[in-house]
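Have a look at the structure below, then the notes.
In what follows, every heavy atom counts, from backbone to side chain, and hydrogens, waters and symmetry copies are set aside. One-based numbering along the sequence shown. Counting starts at 1 for both ligands and their atoms, following the listed order.
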Amino acid sequence: MALIVDVFPAREDNYGYLVHDEASGRTAAIDAPETAAIKAALTRRGWTLSDIFITHHHIDHVEAIVDLKAEFGVRVIGPRDEADKIEGLNELVGDGDEIVLGDSKFAVMATPGHTLGHIVFYNAEGGHLFSADALFSLGVGRMFEGTPGPMWEGVKRLRELPDETLVYCGHEYTESNARFALSIDPDNEALKKRAAEVKALRAEGKPTIPFNLGEDKKANPFLRADAPELAKHYGIEGAAHGEVFGAIRKGKDTF
Ligand code: ZN
Ligand code: FE
């Protein structure tokens, strides 16, 4: 039996996700952006919340933990390296750990940079990656806590996942990511194609999530920090790839 993913908007521009393991009937919320939005999604599906998996400590990803825990008595799993910043965690995990939800398994991968202890959840069997603020469509999260080198290494490991992987990220930032990406990588055909598709989706008020990882590998400048044309754009040909990644991140910050 399969893992079913429910996608719903929350807060201003967050996405909330429920993952439902059909075999056991267990349902986990990936992050806890907003109590009302999560409860509405549960009601719409007729599922009961059993678990919450947390990616990082920012308020727009943890705010509903305490309420949901009080109401549903759920198991809350989160990043060991941010345990002191998150209220209500029951189980702590880190890179290389595996989380079991009924018959479904999620590999925990460390993606430091947006926050130092940020983790993502990868369900290999279904080909689902829950990337929160580590990897967006055509972008990555702002580097609040980390440094470019380790952030690039984390992102590069996500790039090694299969092309057919569907990525579920934390925010609808794709259209502004596309504008920036086109400004630094204007001749990239895969990027132009994705940017046009994103524009059409947003014009109809539709989400750009989930997105295909294989297409993002070709179009997302942050996944292409080792492409010579991007080093050239910043005039740092031959620089370490982490340094190019840092230049792209800085470029986006001031775009
Ligand atoms: Zn965040
Ligand atoms: Fe966020």
Tested for side chain to side chain donor-acceptor pair (under 3.5 Å) against Thr115, the lone hit among His61, Glu82, Lys85, His58 is Glu82
Calculate, to the nearest 0.5 Å, the distance between atoms CG and OG1 belonging to Asp6 and Thr27 respectively.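 It comes to 9.5 Å.
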Output every pair passing salt bridge (charged side-chain N to carboxylate O under 4.0 Å, His left out) with a member in residues 130-155, not counting sequence neighbours, ordered by first then second residue.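 Those involving residues 130-155 are Arg142-Asp253, Glu153-Lys156.
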I'd like to verify the contacts: list protein N, O or S atoms under a distance of 2.8 Å from the Zn ion (ligand 1).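 As for protein N, O or S atoms lying under 2.8 Å from the Zn ion (ligand 1), they are His56 NE2, His58 ND1, His114 NE2, Asp133 OD2.
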Is there any ring-ring contact (aromatic ring centres under 6.0 Å, His included) pair reaching into residues 82-110, and which pairs are they, with sequence neighbours excluded? Phe53-Phe106
So if I apply the salt bridge (charged side-chain N to carboxylate O under 4.0 Å, His left out) rule between Arg11 and each of Glu172, Glu34, Glu63, which one comes out positive?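 Going through Glu172, Glu34, Glu63 one by one, the salt bridge (charged side-chain N to carboxylate O under 4.0 Å, His left out) with Arg11 is satisfied by Glu63 alone.
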Asn14 side chain vs Asp60 backbone, donor-acceptor pair below 3.5 Å: yes
Checking Glu22 side chain against Ala2 main chain: does a donor-acceptor pair fall under 3.5 Å? yes
Any chance you could lay out the side-chain contact (heavy atoms from CB on, under 4.5 Å) test for Glu229 and Asn188, step after step, and finish with the verdict? CA-CA 10 Å; Glu229 52 269 41; Asn188 183 329; over 6 Å; no
Using 2.8 Å as the cut-off, note every protein N, O or S atom close to the Fe ion (ligand 2). Asp60 OD2, His61 NE2, Asp133 OD2, His171 NE2
Is a salt bridge present between Asp95 and Arg157, judged by a nitrogen-to-oxygen distance below 4.0 Å? yes
